[in-house]
There are 2 protein chains.
Amino acid sequence: MAVLASFGRDRPSQNLSQIAHRTGLPISTAHRVVGELAEWGALERGDDGTWYVGLRLWEIASVCPRGQILRDVARPYMQDLYEGTHENIQLAVREGTELVFVERIAGHRSVDLMTNVGDRFPLAATGMGRVLLAHAPADIQDAVLGEPLHAYTSHTVTDPRTLRAQLTRIRRDHYLVSDRQLSETTVAVATPVRIGTTGPVHAALGIVVTARGVAAARTLRDPLMRAAQGISVELGRRAGVD
Amino acid sequence: MAVLASFGRDRPSQNLSQIAHRTGLPISTAHRVVGELAEWGALERGDDGTWYVGLRLWEIASVCPRGQILRDVARPYMQDLYEGTHENIQLAVREGTELVFVERIAGHRSVDLMTNVGDRFPLAATGMGRVLLAHAPADIQDAVLGEPLHAYTSHTVTDPRTLRAQLTRIRRDHYLVSDRQLSETTVAVATPVRIGTTGPVHAALGIVVTARGVAAARTLRDPLMRAAQGISVELGRRAGVD
DNA sequence: AGGGCTGTTTCCGTCAGGCGGAAACATGGG
DNA sequence: CCCATGTTTCCGCCTGACGGAAACAGCCCT
């Protein structure tokens with residue numbers, strides 16, 4: 001299990017010694033574990049002898065309800081949204097005090113972001129994260145606001161009181177324009193996705209554009225919120241609520 | 001490990017007893033294993049007490065080179081292709097004698113297919129599978145052609161000799177129009193994706209349309225092959241070949 | 001209320017199979 | 001040719017996984 005955990009975005013493929021070193025396991029033990037995982041298909045071996053994550057894991061993960069089902073429902077809406085805007089469309093869920101990207105649509109024309117599906121960020125770091133934070137349980141909010149907030153850019157809100165006020169505003173307005181909080185060159189609009197029209201917040205939908213101004217982002221608000229609405233309703237229908 | 005394998009598309013969430021029964025493990029053992037997996041994040045528990053695949057697994061799987069990296073590269077091309085056609089765009093790789101879908105783009109307008117990301121099919125069953133089969137090692141081809149071929153529709157090619165001839169034609173033409181082989185209502189165009197312009201075949205790209213005729217599918221051939229070409233070149237560039 | 005039923009959780013003594021040190025093996029560069 | 005680095009195999013020890021059993025928790029039906 002530790003062996004699987006040693007694979008990350010930064011280290012997509014590694015040799016036996018690296019795995020043993022990273023997990024703290026003796027080489028012979030790592031050798032056996034890797035062999036078992038490989039036999040099952042969770043790991044595969046490249047031509048150069050290094051190990052990488054195999055398709056079996058991909059297959060299992062594809063039935064992850066918080067990933068795949070959400071994706072299946074959201075994808076067509078995101079797709080349509082993309083065609084109307086040609087900007088980066090992103091979908092994320094919360095896990096603990098972190099945000100995890102589960103889907104993204106981007107063609108060749110849109111901004112190149114540093115984020116990928118599967119990536120994690122602190123909730124406070126991104127617009128979508130703040131939307132999720134605004135609707136998270138109190139203990140999660142306290143945990144995030146209790147820690148010092150990292151300033152990614154000169155615009156990042158780092159004062160807990162300001163952030164708390166922003167969370168209140170998000171709950172009132174049902175959307176957020178996040179101006180150069182994570183990167184100096186991007187502005188994001190984000191809005192919650194619920195299960196049904198009034199159910200719990202399940203995910204956040206967002207559009208990321210170049211920082212040519214908040215005004216441009218605002219024009220994207222309505223199509224974004226309409227798409228989120230559509231996803232919410234369909235999720236509710238599938239879950240049998242509303 | 002058997003516990004993870006017990007989760008499939010047909011069984012996305014199950015309670016402890018079901019897991020124990022499916023894996024053949026005693027309940028107490030299943031209970032412990034599930035607990036460990038849950039603590040790590042590989043499994044999560046729903047409100048109804050059932051277990052489902054968690055986001056940690058999703059995260060690990062997202063660094064699967066045969067899935068994610070391929071997807072990251074192919075996505076924008078598939079996206080552009082979708083916008084030009086508004087048909088189902090699919091990407092698949094081969095694993096053993098099976099085809100695994102790794103990506104799909106479809107908006108609201110396109111046909112509803114029975115296939116999902118992560119699904120597996122026999123290589124001979126689909127157009128994309130036959131493209132992969134045409135470029136698979138000889139032992140794989142022999143294994144597939146040695147078994148009796150299942151007739152999914154009245155049009156399915158089941159004669160090994162005919163299929164072998166088709167494989168030869170695929171290698172010559174670099175594409176295949178597959179007419180109602182898996183379903184009576186769909187026609188597919190498929191073409192290989194290589195690593196670099198002359199490297200090994202790494203995946204298959206395909207478009208699936210309603211069976212309004214082979215002619216319609218043919219018009220999609222050129223944009224499809226251009227997209228596959230683009231993906232191949234970019235994969236090659238990333239892999240440092242060509 | 002009571003009892004039966006289904007599913008979950010905890011407990012604990014046993015012992016198989018995982019563990020890892022060490023040595024053999026493989027590769028490749030100086 | 002030798003040494004460095006990484007991989008694979010071997011095997012004896014011992015620990016922590018195993019699973020039977022019992023307690024626990026809901027839920028439905030009478």
Side-chain angles (χ1 to χ4, degrees), chain A residues 1-57 60 63-66 69 95-96 137 139 200 239-241, chain B residues 1-57 60 63-66 69 95-96 200 239-241:
Chain A
M1 209 141 76
V3 168
L4 287 183
S6 75
F7 287 83
R9 175 128 349 250
D10 51 323
R11 210 177 311 270
S13 88
Q14 32 187 0
N15 64 24
L16 187 61
S17 307
Q18 291 172 313
I19 294 173
H21 180 254
R22 282 202 48 97
T23 55
L25 262 44
I27 291 187
S28 59
T29 302
H31 178 258
R32 181 172 36 81
V33 174
V34 165
E36 289 165 1
L37 289 170
E39 190 176 355
W40 184 53
L43 293 182
E44 296 177 18
R45 192 163 205 184
D47 295 335
D48 56 354
T50 60
W51 297 95
Y52 57 87
V53 176
L55 278 177
R56 172 117 287 139
L57 226 45
I60 300 288
V63 299
C64 167
R66 290 181 65 197
I69 292 181
E95 182 160 84
D139 56 330
V241 301
Chain B
M1 209 139 77
V3 169
L4 286 183
S6 76
F7 288 84
R9 173 133 348 252
D10 52 323
R11 209 170 286 100
S13 88
Q14 33 187 359
N15 65 22
L16 188 60
S17 307
Q18 290 172 314
I19 295 173
H21 180 253
R22 284 207 46 93
T23 55
L25 262 42
I27 291 187
S28 60
T29 302
H31 178 258
R32 182 173 36 80
V33 174
V34 164
E36 290 164 1
L37 289 169
E39 189 177 356
W40 185 51
L43 293 182
E44 295 177 19
R45 191 164 206 182
D47 295 334
D48 57 353
T50 60
W51 297 95
Y52 56 87
V53 175
L55 279 177
R56 172 117 287 141
L57 225 45
I60 301 289
V63 299
C64 167
R66 291 181 65 198
I69 292 181
E95 182 160 82
V241 301

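Lettering follows sequence order; numbering is per chain, from 1.
Between B:L37 atom CG and D:dA17 atom P there is a gap of 13 Å when expressed in whole angstrom units. Between the CH2 atom of A:W51 and the P atom of D:dT7 there is a distance of 10 Å, rounded to whole Å. Following rounding to the nearest Å, B:L25 (CG) and C:dT8 (C1') show an atom-to-atom distance of 16 Å. Between the P atom of C:dG7 and the CD1 atom of B:I19 lies a distance of 13 Å, rounded to the nearest Å. Look at CD on A:Q18: it is 14 Å from P on D:dT5, rounded to the nearest Å. Between the P atom of C:dG17 and the CZ atom of A:R32 lies a distance of 13 Å, rounded to the nearest Å. The CG atom of B:L16 sits 16 Å away from the C1' atom of D:dG26 (whole-angstrom rounding). Going from atom CD1 of A:I27 over to atom P of D:dT9 covers 15 Å, rounded to whole Å.
B:H31 has no side-chain polar atom (N or O) that falls below the 4.0 Å cut-off from OP1 or OP2 of C:dT8. Contact annotation: A:S17 reaches the phosphate of D:dT7 (side-chain N/O to OP1 or OP2, under 4.0 Å).
One distance of note links OG of B:S13 with CD1 of B:I19; it measures 9.0 Å at 0.5 Å rounding. If you take CG on A:L57 and OH on A:Y52, they are separated by 13.0 Å, rounding to the nearest 0.5 Å. The CG atom of B:L4 sits 11.0 Å away from the CZ atom of A:R56 when rounded to the nearest 0.5 Å.
Judged purely by atom type and a 3.5 angstrom limit, A:Q14 uses its side chain to pair as donor or acceptor with the backbone of A:S6.
Within the 4.0 angstrom heavy-atom criterion, base atoms lie near A:T29.
On a pure distance criterion of 3.5 Å, a polar donor-acceptor pair joins the side chain of A:S28 and the base of C:dG21.
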